[in-house]
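Report on the following structure.
Please read these numbers as outputs of a predicted model, since none were measured by experiment. All residue numbers in this chain count up from 1 along the given sequence.
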Amino acid sequence: MSEPLLDVRDLRVSFRTRTGVVTAVDGISFTVGPGDVVGLVGESGSGKSVSMLSVLGLIDNPNCVIEGQALFKGRDLLTMSDDELRAVRGQEIAMIFQDPMTALTPVYTAGWHISEQIRAHEKVSKKAALARAVQLLDAVGIPNAADRVNSYPHEFSGGMRQRVVIAMALSCNPSLLIADEPTTALDVTIQAQILELLKSLQSEFGSSIVLITHDMGVVSQMSDRVMVMYGGRLAEAGPRREVMRNPLHPYTWGLMASIPPTDGTRVARLAAIPGAPISPGDPDRDHCLFSARCRFVSDTCRPQPELVEHIPGHFDSCVLPFADRVELRRQAMTPLEVAP
């Protein structure tokens, strides 16, 4: 097996506040191999974005404490200086941010954004960088790229702005692309176009992708491997096909049950996860963090369950008897009401 491109080990991110320490990421470990597409999924507040922002050194809050290791091509990103990180960000690791409007400076053109990043990492002329920007805009599906390269962000639609951000991220052919909710603010048809674009560009450029999302449908369409996060911890991780067909953790069951079925009996109301996500500031973390919302909770959910490999390559952190999971999953994912 080839060495992982990114190897994150026991990553912990916490913030000192007036009311105490808030734990946003609580000891997660994972790898991203060359050419892999890894889906990082979970509700808002589960620690997905904070995990990757901390790996890239993009959290500059002085009250933030980051521990663990994040080895990228054998070098620990968490111990790099600011200058070393600037050399890596944009050139070797790029990020597509959630909101394309705030990711682009409104007073600069699309071409300026892309060419500025190219010139920050490569010794090329303004003319050559702008020509490369036109090629990238054309590659991501911007019509009349030679003209639109001089357009400002407000002159693009939401979907087109996201394409500009993707072009900027790909401008230096990065080895790793982090996509943070790249389709959240877009309508369904544009979402499908952006996902298809990412798949084709990943195949063309050969970049590995970490896809941050709360949508299990996006994960099933894009990812090779899936990591399900809850409360800053990994609840489940494994190959996409295995996790989607045979989910093992009650939290994953809840996420999948919330997806409307495309065939079979029409349901009037979907099964829902009761309650609200756990607060990162919850001081009691010596238990399964999902236990307050789990219908199968018992005394065995304390102390904190560890990730266990019940199936080769497929991990979960639930103490429910493995032999009972199929029946319990059926109960958890059965719609509450059936439409007439």
Side-chain angles (χ1 to χ4, degrees), residues 6-15 17 20-32 38-55 59 64-70 78 178 180-181 210-214 216 219 223 225-240 242-243 247-256 273-311 313-320 322 325 332:
L6 177 67
D7 186 0
V8 176
R9 303 176 183 177
D10 198 26
L11 178 66
R12 300 176 186 273
V13 184
S14 58
F15 296 87
T17 70
V21 176
V22 171
T23 302
V25 181
D26 193 4
I28 69 169
S29 300
F30 63 91
T31 60
V32 181
V38 177
L40 192 56
V41 64
E43 293 170 285
S44 296
S46 60
K48 308 182 303 296
S49 297
V50 172
S51 299
M52 302 315 300
L53 289 173
S54 62
V55 164
I59 302 178
C64 178
V65 178
I66 302 173
E67 301 171 291
Q69 287 185 307
L78 301 185
I178 300 171
D180 187 1
E181 303 273 11
V210 174
L211 179 64
I212 301 171
T213 183
H214 60 268
M216 292 297 286
V219 168
S223 302
R225 291 188 295 115
V226 179
M227 299 186 301
V228 181
M229 283 191 71
Y230 186 81
R233 296 176 185 165
L234 285 178
E236 186 166 354
R240 179 208 51 193
E242 179 64 30
V243 172
L248 299 176
H249 197 282
Y251 180 57
T252 312
W253 301 344
L255 292 177
M256 295 184 65
I273 302 175
I278 188 171
S279 168
D282 188 337
D284 183 13
R285 302 183 69 84
D286 186 30
H287 60 93
C288 173
L289 300 183
F290 187 62
S291 59
R293 306 173 70 188
C294 181
R295 62 192 290 188
F296 308 112
V297 63
S298 69
D299 292 339
T300 58
C301 298
R302 185 182 290 272
Q304 172 188 336
E306 300 291 335
L307 278 175
V308 176
E309 187 178 19
H310 287 113
I311 299 172
H314 190 174
F315 299 80
D316 75 276
S317 59
C318 184
V319 296
L320 289 173
F322 182 72
R325 301 284 180 96

For the pair His287 and Cys301, evaluate side chain to side chain contact (heavy atoms under 4.5 Å, CB included) and give the outcome as yes or no after the intermediate values. CA-CA 6 Å; His287 60 93; Cys301 298; 5.8 Å; no
Give the intermediate values and the outcome of side chain to side chain contact (heavy atoms under 4.5 Å, CB included) for residues His314 and Val243. CA-CA 7 Å; His314 190 174; Val243 172; 3.8 Å; yes
Would Val219 and Val228 count as a side chain to side chain contact (heavy atoms under 4.5 Å, CB included) here? Give the steps. CA-CA 10 Å; Val219 168; Val228 181; over 6 Å; no
Side chain to side chain contact (heavy atoms under 4.5 Å, CB included) between Val308 and Phe322, intermediate numbers included: CA-CA 11 Å; Val308 176; Phe322 182 72; over 6 Å; no
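For the pair Val210/Met52, a side-chain contact is recorded, criterion being any heavy-atom separation below 4.5 Å from C-beta on. Looking only at side-chain heavy atoms (C-beta outward), Asp10 and Glu67 stay at 4.5 Å or farther from each other. Taking 4.5 Å as the limit, every side-chain heavy atom of Cys288 sits out of range of all side-chain heavy atoms of Val319. At a threshold of 4.5 Å between non-hydrogen side-chain atoms, the residues Pro277 and Arg293 count as touching. Considering only heavy atoms from C-beta on, Val25 stays 4.5 Å or farther from Ser54 through its side chain. The side-chain heavy atoms of Phe290 and Val297, taken from C-beta on, include no pair separated by under 4.5 Å. No side-chain heavy atom of Ser51 sits under 4.5 Å from any side-chain heavy atom of Val13. Pro247 is listed as a side-chain neighbour of Met256, based on a closest heavy-atom distance under 4.5 Å.
Between atom OG of residue Ser223 and atom CE of residue Met216 there is a gap of 9.0 Å, rounded to the nearest 0.5 Å. Put simply, CE on Met229 and CG on Leu234 are 6.0 Å apart, with the number rounded to the nearest 0.5 Å. Atom CZ of Arg325 sits about 5.0 Å away from atom NE2 of His310, to the nearest 0.5 Å. One finds the CZ atom of Phe30 at 6.5 Å from the CG atom of Leu40 (value rounded to the nearest 0.5 Å). Atom-to-atom distance recorded for Ser291:OG and Ile278:CD1 is 7.5 Å, nearest 0.5 angstrom. Note: Ser317 OG to Leu248 CG = 10.5 Å, rounded to the nearest 0.5 Å.
Of the possible polar contacts, none joining the Arg295 side chain to the Pro250 backbone as a donor-acceptor pair under 3.5 Å is found. With hydrogens and angles ignored, the 3.5 Å screen pairs no side-chain donor or acceptor of Lys48 with any backbone N or O of Leu211.
Under the ring-ring contact (aromatic ring centres under 6.0 Å, His included) criterion, His214 pairs with no residue at all, not counting sequence neighbours. Residues that satisfy the side-chain hydrogen bond (donor to acceptor under 3.5 Å, both in side chains) test with Thr23, not counting sequence neighbours, are absent from this structure. Here Arg225 pairs with nothing under the side-chain hydrogen bond (donor to acceptor under 3.5 Å, both in side chains) rule; sequence neighbours left out.
Heavy-atom minimum distance, Leu78 versus Gly68: CD1-O, 3.5 Å. The nearest pair of heavy atoms linking Gly27 to Arg12 is N-CG, 3.4 Å. Taking every heavy atom of both residues into account, Arg285 and Asp282 meet most closely at CG-O, 3.4 Å.
Using cut-offs of 30° and 60° on the angle between ring planes, the pair Trp253 and Phe296 is perpendicular.
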